[in-house]
Amino acid sequence: MLYCSNPRCSHPFNPDNSKFCQSCRSQSLNPLFRNRYRVIRLLGEGGFGKTYEAIDTDRMDDPCVIKQFMPQFQGTSAIEKATELFKQEAKRLYELGEHPQIPRLIAYFEQDQRLYLVQELIEGQNLLAELTQQGVFSEEKIWQLLADLLPVLKFVHDRNVIHRDIKLENIIRRRISLHSSLPKIRNLRNSTFRNGGSGDLVLIDFGVSKQVTGSLVNKSGTTVGTPGYSPMEQMRGQVFPGSDLYSLGITCLRLLTNCLPKIDGSDELYDPINGVWNWRKQIPDGTNLSLKLAEVLDKLIQDYLKNRYQSADEVIKALNIYSLPPQPPHVRGGQVALNSAQTKGGKLAINAARKHGAQLLVQTPLNSAQLNSKVSIAQKLNSNLAIGNAKTNIISAKSTFDFEVMTVDKWGIPNNIQSGKADFFEENIGSGVVMEMVSVPSGDFTIGSPNDEGDSDEKPQQQLTLAPFYIGKFPVTQAQWKAVALLSEIKIFLNPNPSRFQGVNRPVENISWYEAMEFCARVSLKTGKNYRLPSEAQWEYACRGKTLTDFHFGETITKELANYNANSNYAEAAKGIYRCQTTDVGSFKPNAFGLYDFHGNVWEWCADFWHSNYNGMPGDGRVWHDRGDDSLRLLRGGSWNDHPPNCRSACRLRYQPDCRASIVGFRVAISVD
């Protein structure tokens, strides 16, 4: 079928043998745009031209969107301005498209004296359609929306771009979540953003976005935006990050009330006489809304900019929707580009969803005068401590314990239950508290994922041979942490009560890598044994428990097997519950080594520097520092807040060693010789 590229043609599709368009008689017929893109259907049209769904024949018929620029304006000045805005949209998409919640630019070109922009197709529906079909949003859905979009706005604003048209129609919910385990999207385009919020919402249409730097931010410009969503300073031609936040707040009110601006300009939410938003009166009866969320929404929609939040970070902090920040993306040469805002000692902005009412804090990074991030605490301690020889000081396992190991098929149905037995010893760490250290036998194993599975940083697979070692039966608990925090300080202070989710038998969280190393150093000094964080190889070997499947309990993960975000499923298993918090260690069945909680609950620090792949990895599984990025450390295992793919045995996460979050804990290890 041939397509007529005349934007004014009412019926552009023509048979293959056509010489000219049967509708408008134009000879501008194309089987493919730029010999690559085949138009499928019209998606919409407006003042700038038309938007089409298409397929990219150079990329296995990958779906995409083509925007055809043909402004319906009169006058040279207006057309020139529209042309500039269209070019700016292409530039913005190119600059911002590294974020998976912003459509990426695929191509920008001219054909038949017309401009075209090709971008990623986001399969799903916008929030206006969702509101129409499903009705008003609950408070929980508003929290999720804010947790999904505030980090996106931070990303955009950090690059000096103001969107200028945030509204229901410009937010799309993906039909398939980024965290789905479906093979089509198993390997994420940008795995550096795979942790945090669900990522289901995508911010689209940067056609009127504005680059603002220095003196430009306060200068008046073209008035753009949508009435009923745009603040008064924007309607006067000036924009700020707070302008986008205002529009986001109004978007939330529309979703809570289903009150939309009318064609005649009237608005049931706004009282023009008193100049206030009366949105509370429009909330349906029976809707529960916390005082905290209401206060935040009120501040977002203040008429005067000075009375609003000035940045997405401020809103994130006010709502306490913290978790790990997006990981710093790789740049060419295997180096890591760190966001400057995350390396100057400020609080870290976070990308994650949470239920309202709880506190989740990311602490200020440690002062560089106290710790040099390029030198590990363990290295510093060597000159200060007389740690006994591990071989002579480790007491032979005092006892054994029995346990039951269960494996499941891809539907999550148990297919094998066996009894197991493991050696262990108890370490008294003070205040009557002990740590159980389980013996892990020597053995061969393959680290990483095969070529057709997992993410690129999990490759290539390496065959390793590990010596025996001991590792914590559980992640370090809050009771164990508090006992060690009361011991004498070696290099840094340890807060005895850092965790968001309180419970003596829950894993300790909100722990930086440096603090985990301090914990190991204090226990080492007390016991005379060389306690440390496990190497990444030891961690995965211990996690797998001699298995080759994605999880040590089999081909999938279920709510009966681990604590994770079960709002999405894995393989053929059913969805489950999202507990929204940590659980007591040992709440689920162990692996074949008798070890618990490797999948979900909390991410666990490893000792290694970050390497972007396994090329050159030591074959004996020791801690790997050589040619690594010493500004980043490894995290393994997923958390209570993570979707299934992030909880796999092979999944890797990297972040700065001074990062603290309520999804991060650790467990300790000790060598036999």
Checklist entry - Going through the distances and angles, do Glu120 and Val65 end up as a side chain to side chain contact (heavy atoms under 4.5 Å, CB included)? => result CA-CA 6 Å; Glu120 174 187 12; Val65 170; over 6 Å; no

Item to check | Tyr37 and Ile106: CA distance, side-chain angles, deciding distance, side chain to side chain contact (heavy atoms under 4.5 Å, CB included) verdict | outcome: CA-CA 11 Å; Tyr37 306 104; Ile106 298 173; 3.7 Å; yes

Next on the checklist: Using the rule given for side chain to side chain contact (heavy atoms under 4.5 Å, CB included), can you reason through Ile171 versus Val202, listing the C-alpha separation, both sets of side-chain angles and the distance that settles it, and then say yes or no?
Outcome noted: CA-CA 6 Å; Ile171 302 169; Val202 180; over 6 Å; no

Checklist entry - Between Glu130 and Phe137, does a side chain to side chain contact (heavy atoms under 4.5 Å, CB included) hold up when you go through it step by step? => result CA-CA 9 Å; Glu130 183 174 325; Phe137 274 36; 3.3 Å; yes

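Using a 4.5 Å heavy-atom threshold, the side chains of Ile55 and Val39 count as separate. In this structure the side chain of Ile162 never reaches within 4.5 angstrom of the side chain of Phe240, judged on heavy atoms. Contact annotation: the side chain of Arg164 never approaches that of Ser243 to less than 4.5 Å [non-hydrogen atoms, C-beta and beyond]. Using a 4.5 Å heavy-atom cutoff, the side chains of Leu253 and Leu269 are in contact. Annotation: side chain of Ile663 is in contact with side chain of Trp640 (closest heavy-atom distance under 4.5 Å). Considering only heavy atoms from C-beta on, Asn170 stays 4.5 Å or farther from Asn126 through its side chain. Within the 4.5 Å cutoff, no side-chain heavy atoms of Asp457 are placed close to those of Tyr614. With a 4.5 Å cut-off on side-chain heavy atoms, Tyr304 and Met232 count as touching.
Ion pair Arg38/Glu53 not flagged as a salt bridge, since none of the NZ, NE, NH1 or NH2 atoms sits closer than 4.0 Å to an Asp/Glu carboxylate oxygen. Between Arg254 and Asp267, at least one side-chain N (NZ, or NE/NH1/NH2) sits under 4.0 Å from a carboxylate O, which counts as a salt bridge. We find that Lys141 and Asp148 are not joined by a salt bridge, their nearest charged nitrogen and carboxylate oxygen being 4.0 Å or further apart. In this structure, Arg648 pairs ionically with Glu458, as a charged nitrogen and a carboxylate oxygen lie closer than 4.0 Å. Lys154 has a carboxylate O that lies under 4.0 Å from a charged side-chain N of Asp313, or vice versa, which qualifies the two as a salt bridge.
Residues Cys606 and Trp513 approach most closely at O-NE1, 2.9 Å, considering heavy atoms. Heavy atoms only, all atoms of each residue included: Val602 and Val664 are closest at CB-C, 4.3 Å. Pairing each heavy atom of Pro261 with each of Pro227, the nearest pair is CG-O, 4.1 Å. Residues His163 and Ile204 approach most closely at NE2-O, 2.8 Å, considering heavy atoms. The nearest pair of heavy atoms linking Leu305 to Gly242 is CD1-CA, 3.9 Å. Heavy-atom minimum distance, Lys459 versus Asn451: CE-O, 3.4 Å.
Not a single donor-acceptor pair under 3.5 Å links the side chain of His643 to the backbone N or O of Pro645. Using a distance-only test at 3.5 Å, with no hydrogens or angles considered, no donor-acceptor pair links the side chain of Arg633 to the main chain of Arg654. Here the side chain of Glu509 pairs a donor or acceptor atom with the backbone of Arg500 at under 3.5 angstrom. Between the side chain of Glu314 and the backbone N or O of Gln310 there is at least one donor-acceptor pair closer than 3.5 Å.
Side-chain polar atoms of Trp279 and Asp298 form a donor-acceptor pair below 3.5 angstrom. A side-chain N or O of Asn641 and one of Tyr578 form a donor-acceptor pair less than 3.5 Å apart. Residues Asp165 and Thr226 bring a donor and an acceptor atom of their side chains to less than 3.5 Å of each other. Inspection of the Thr51 and Gln68 side chains reveals no N or O donor paired with an N or O acceptor under 3.5 Å. Donor-acceptor pairing under 3.5 Å is recorded for the side chains of His157 and Asp244. Checked by atom type, the side-chain pair Ser639/Asp642 shows a donor-acceptor distance below 3.5 Å.
In this structure, CD1 on Ile66 lies 11.0 Å from CG on Leu121, to the nearest 0.5 angstrom. Distance check: Ile142 CD1 to Thr251 OG1 gives 9.5 Å after rounding to the nearest 0.5 Å. Expressed to the nearest 0.5 Å, how far CG of Leu146 lies from CG of Leu201 amounts to 10.0 Å. One distance of note links SG of Cys259 with CH2 of Trp277; it measures 10.5 Å at 0.5 Å rounding. The distance from the CG atom of Leu632 to the CD atom of Gln656 is 6.0 Å, given to the nearest 0.5 Å. Here CG of Leu168 is found 11.0 Å from OG of Ser247. Values are rounded to the nearest 0.5 Å.
Tested against Gln125, the residues Arg174, Gln133, Arg173 include a single side-chain hydrogen bond (donor to acceptor under 3.5 Å, both in side chains) partner, Gln133.
Note that Lys67 lies outside the cation-pi zone of Tyr116, set by a 6.0 Å cut-off to the ring centre and a 45° limit from the axis.
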